[in-house]
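This report concerns only the one structure given below.
Below, each value reflects all heavy atoms present in this structure, side chains not excepted, and no hydrogens, waters or symmetry copies. Note that the structure is a prediction, hence the values are computed from the model and not measured. When a ligand or atom number is given, it counts from 1 through the structure's own listing order.
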Amino acid sequence: MAGLLGLVLSHGLAHATLTRENTAPAEAIQESLTRLAAERLVNAEEEPGNWMLHGRTYGEDRYSPLKQINDQTVANLGLAWAWETGTNRGLEATPIVVDGVMYVTGSWSEVYAIDARNGTLLWRNDLDVDKTRGQYACCDVVNRGVAVWNGKVYVGTIDGRLVALDAVTGEIVWDVVTIDKSRPYTITGAPRIVKGNVIIGNGGAEFGVRGYITAYDVETGEQKWRFYTVPGNPADGFESDALKMAAETWGGGPWWEIGGGGTVWDSMAYDPELDLLYIGVGNGAPWNKHIRSPAGGDNLFLSSIVAIKPETGEYVWHYQTTPGEGWDYTATQHIILTDLTIDGQQRKVLMQAPKNGFFYVIDRETGKFISADNYVPVSWAEGIDPETGRPIQTNNSYERWPKLQLPSPLGGHNWMPMCLSRDTGYVYIPSQEMAMLYDNDTEFEYIPGYWNTGMKVMKDVVFPAWIDHDLVMALGAKAAKGYLQAWDPVNQRQVWKVEHEGLWNGGVLCTAGNLVMQGNGKGYFAAYAADTGHKLWEFDAQNGIVAPPVTYEIDGEQYISVLAGWGGSVGLSFGMVGNVRENMYPYGRLLTFKLNGKESLPPVQVTKKLPEPMDLEADGDLIAKGDKLYHHNCVYCHGPGAISNPNMVDLRRMDAETHENFIAIVLGGRDAHKTGMIGFSDHLSVEDVQAIHAYLNKVGENTLEREQASGFWKTFKGAIYSVLGAITSFFVSIFNWIMNAGS
Ligand SMILES: O=C(O)c1cc(C(=O)O)c2c(n1)C(=O)C(=O)c1cc(C(=O)O)[nH]c1-2
Ligand SMILES: [Ca+2]
């Protein structure tokens, strides 16, 4: 919306591109920003008009007391302004809003400062991120947002830096590398600021890394402490007593070569009164526990919530959600702190709905288990033993035989934040159901820089060119479910649920207006009544939404903002899961609403005229070889069968120039620093790339054939697929019901 009148500055140190609008609001905020320090953040509750912390307050309940927009008035909610990021990858950030200025991140860790009243860009900085590191992002080159403190804006970047920017000018103040660059680390999570420390984790456990979080001095960027979540090689000694204790729960090795995992890639929360920082720890590396820790053991602190001292990084307690984790069951999901009355007693609790499918209420002073129940069907455990707080595991080993298990590595709930309504007392969980076949790769070999899960099915994935993508989408949509549910944490039960058309839907916002706001993968942004789940309002956002909304107030007017940009794990590589519409707007947008907002989005132009495939001689063997190679090398970004995020380049139907230069592009990369498309000459030969080309072209030919089929055939096929979809749905329901019967 806002034109770029600004000046472009090149930062001397980093050569980052900083675009700045030479407008007044930036100066006006300087004074208030410098006051945004400890006291104001601890008391964030007293400033409902701002959204100063990732989860609005340190307790991260994502509940706003604002109620001008409420269940009675929401029908008049309209678009106030829209601002385009100009990027086409996933958008996951929570905007931070301080005194009328919004700080938000986009794909590739770009940072934007925007006038929150009208969407005028104040500055943007791309931080000169090394996009070749995008190859190590398991789940898209996303970023979940900034932290703001005392005149500075802090962001973790996909290439592993923690950067402090001047909040007024957007210029880099300090810039530190917080990863070991020789390992496939990335950063997607938002930093948190506690008592003068800015704290950041990292990701990469699918590839093989050792997880940790690090604290830096907010002013200087000097490292204060680092907390490793899993032990390194015992022969090297341990960094702390906590890790020594943890090492006793690991059996056999050498997990330290692949890293062990335990990345802290998203959630944290802070209790100022107890002075404890809570971090959510991720899955094992490799996922396969029979390879990672062949002699068994709990493998601390994988899949745990760990409480640490924010000033020193000292361990205080932990609670492990999935002992001996073996399924990518991260406990990095959103953590909410609140007080609940349980059995007549007021308890200081911490709540989480990790990937493993159970909703946990934990005593946040001691880490003691209070209660848990499954919020989605699960098959790996029958329940949680109330005495020990440990899961009662089913016969879930996949050492000898593959196991079809619920939930999948996507989790019953992924990173999309929940919210807690202080009015209803319910937690609203963006939930999903999907099973996954876990199987032991007995011939596992660690390949640096690649996914190393130790699962055979993930290594040997193929997707023959002849498979009808329409069928895959029809069945995929029925085999995987997504819904928003209201969960009563005291009684551990579902109160209501609203079904979506597929999995992978947005984070949520609760407000005192009896509203729960959520966007979905299908590209709509909606308001639901917090008490009943009735849909009260909906807006066509023209792009899949995964990001969580926020709300703020300026001059007595309430606004609600959300990023629309399909992506993240499912959005990037499984564009096929079925809830995506044919023609979506390809670029990301920040959408902001207010009562009686009168703006509208221009209609989406149907521009997708896909090029014709090439006339290429290729036999079945070559195509099959290409299929395997594609699914070993290209699948993580371009998706199974090349059906990736519809906003990205569609390899099924490349243009003539891409066909022409295909070998050079795949071996040498294509403008990797800008696009992230690296060269594969270390892994692939010319013959290999020719095979991949033949495979993709065949997929394209089949796609074209189906596109050109007669109207009658298409209708007939559609009807058959609907029936097959219904049958799939029926069997999936029965499967889920059986899996869930024990718990
Ligand atoms: O183990 C890890 O280090 C790690 C990192 C990330 C990430 O940084 O985004 C994700 C995951 N795991 C993961 O398991 C997962 O499902 C996931 C989804 C997303 C996303 O942004 O959509 N990121 C990640
Ligand atoms: Ca993971």
Side-chain angles (χ1 to χ4, degrees), residues 89-94 105-109 133-145 156-160 179 183-190 200-213 229-230 258-267 279-288 292 302-303 322 325-334 354-356 407-417 430 432 434 436 451-455 458 482 503-507 521 544-548 563 565-575 577 636-637 645:
R89 302 287 291 266
L91 297 175
E92 298 189 350
T94 297
T105 57
S107 313
W108 299 109
S109 346
R133 293 293 296 191
Q135 66 182 299
Y136 303 130
C138 71
C139 311
D140 207 353
V141 291
V142 290
N143 187 282
R144 300 193 193 89
T157 64
I158 202 80
D159 60 352
I179 57 160
R183 307 285 305 200
Y185 287 103
T186 46
I187 300 178
T188 58
I200 189 76
N202 46 49
E206 271 62 78
F207 296 78
V209 295
R210 181 185 182 201
Y212 60 83
I213 61 166
T229 56
V230 297
I258 303 175
T263 40
V264 184
W265 57 268
D266 194 44
S267 71
I279 62 167
V281 183
N283 56 278
W287 295 356
N288 188 331
R292 188 181 69 235
L302 294 182
S303 302
T322 313
E325 194 290 306
W327 307 278
D328 191 19
Y329 285 171
T330 61
T332 54
Q333 278 55 48
H334 179 195
K355 278 191 187 175
N356 77 13
S408 79
L410 295 172
H413 163 226
N414 208 297
W415 62 270
M416 294 77 169
Q432 51 198 23
M434 188 177 129
M436 150 97 179
W451 276 49
N452 287 288
T453 62
M455 298 290 159
M458 299 201 61
L503 80 175
W504 216 246
N505 300 291
I545 297 177
V546 285
L563 282 164
W566 183 235
S569 167
V570 171
L572 173 66
S573 53
F574 303 92
V577 185
Y636 301 110
C637 295
N645 180 343

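The closest approach between Leu410 and ligand 1 stays at or above 4.0 Å for every heavy atom of the residue. Distances from ligand 1 to the non-hydrogen atoms of Gly282 include no value under 4.0 Å. Taking a 4.0 Å cut-off on heavy atoms, Asn283 registers as neighbouring ligand 1.
When each atom of ligand 1 is checked for a heavy atom of Gly203 under 4.0 Å away, the hits are 3 (O). Atoms of ligand 1 found under 4.0 Å from any heavy atom of Thr263, numbered from 1 in the order shown, are 1 (O), 2 (C), 3 (O). Near Val142, the atoms of ligand 1 lying under 4.0 angstrom from a non-hydrogen atom of the residue are 21 (O). Close approach of ligand 1 to Gly204 is summarised as follows: ligand atoms under 4.0 Å from at least one heavy atom of the residue are 2 (C), 3 (O). Near Lys355, meaning under 4.0 Å from any of its heavy atoms, are these atoms of ligand 1: 13 (C), 14 (O), 15 (C), 16 (O). Those atoms of ligand 1 with a heavy atom of Glu92 less than 4.0 angstrom away are 20 (C), 21 (O), 22 (O).
In this structure, atom 9 (O) of ligand 1 lies nearest to the protein heavy atom Arg144 NH2, 3.1 Å. Looking from atom 8 (O) of ligand 1 to the surrounding protein, the closest heavy atom is Thr188 OG1, 2.8 Å. When only non-hydrogen protein atoms are considered, atom 19 (C) of ligand 1 lies nearest to Cys139 CB, 3.4 Å.
The OD1 atom of Asn283 and the OD1 atom of Asp328 subtend an angle of 60° at the Ca ion (ligand 2), given to the nearest 10 degrees.
Between Glu206 and ligand 1, an N or O atom pair is found at a separation short of 3.5 Å. When only interatomic distances are considered, the shortest N/O to N/O separation between Gly568 and ligand 1 does not fall below 3.5 Å. Geometrically, ligand 1 and Thr330 share no nitrogen or oxygen pair separated by less than 3.5 Å. In terms of polar-atom proximity, defined here as any N/O pair under 3.5 Å, Ala205 does make such a contact with ligand 1. Polar contact with ligand 1: absent for Asn202 (N/O pair, distance under 3.5 Å).
Residue Asn414 touches ligand 1 through its side chain alone, judged by heavy-atom distances below 4.0 Å. By the criterion of a heavy-atom distance under 4.0 Å, neither the backbone nor the side chain of Tyr185 is placed next to ligand 1. Residue-level proximity to ligand 1 for Cys138 is carried by the side chain, the only part with a heavy atom below 4.0 angstrom. When heavy-atom distances to ligand 1 are checked against a 4.0 Å cut-off, Asp328 comes that close only through its side chain, counted from C-beta outward. At a 4.0 Å heavy-atom cut-off, ligand 1 does not touch Met416 at all.
Taking all atoms of both residues into account, the shortest heavy-atom contact from Phe207 to Pro184 is CB-CG, 3.5 Å. For Pro430 against Pro417, the heavy-atom pair with the smallest separation is CG-O, 3.7 Å. Residue Asn414 comes nearest to Gln333 through the heavy atom pair O-CG, 3.1 Å, listed as atom of the first residue, atom of the second, then distance. The two residues Gly261 and Ala205 make their nearest non-hydrogen contact at CA-CB, 4.1 Å. Between Leu410 and Val570, the shortest heavy-atom contact is CD1-CG2, 3.6 Å.
When Trp287, Phe207, Trp415, Trp265 are checked for heavy-atom proximity to atom 24 (C) of ligand 1, Trp265 turns out nearest.
A donor-acceptor pair under 3.5 Å is absent between the side-chain atoms of Arg89 and the main chain of Asp140, judged by distance alone. Not a single donor-acceptor pair under 3.5 Å links the side chain of Glu206 to the backbone N or O of Thr453. Checking side-chain atoms of Asn505 against main-chain N and O of Gly521 turns up a donor-acceptor pair under 3.5 Å. The closest donor-acceptor contact from the side chain of Trp327 to the backbone of Gly411 lies at 3.5 Å or more, if one exists at all.
Distance check: Tyr636 OH to Trp451 CH2 gives 6.5 Å after rounding to the nearest 0.5 Å.
Side-chain atoms of Asp266 and Thr332 include no donor-acceptor pair closer than 3.5 Å. Under 3.5 Å, the side chains of Arg144 and Thr94 contain no donor-acceptor pair of N or O atoms. Using modelled atom types, one finds no donor on one side chain facing an acceptor on the other under 3.5 Å when comparing Glu325 with Asn356.
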(request) Given ring-ring contact (aromatic ring centres under 6.0 Å, His included), test Tyr185 with Tyr212 step by step and report yes or no. (result) CA-CA 11 Å; Tyr185 287 103; Tyr212 60 83; 5.5 Å; yes
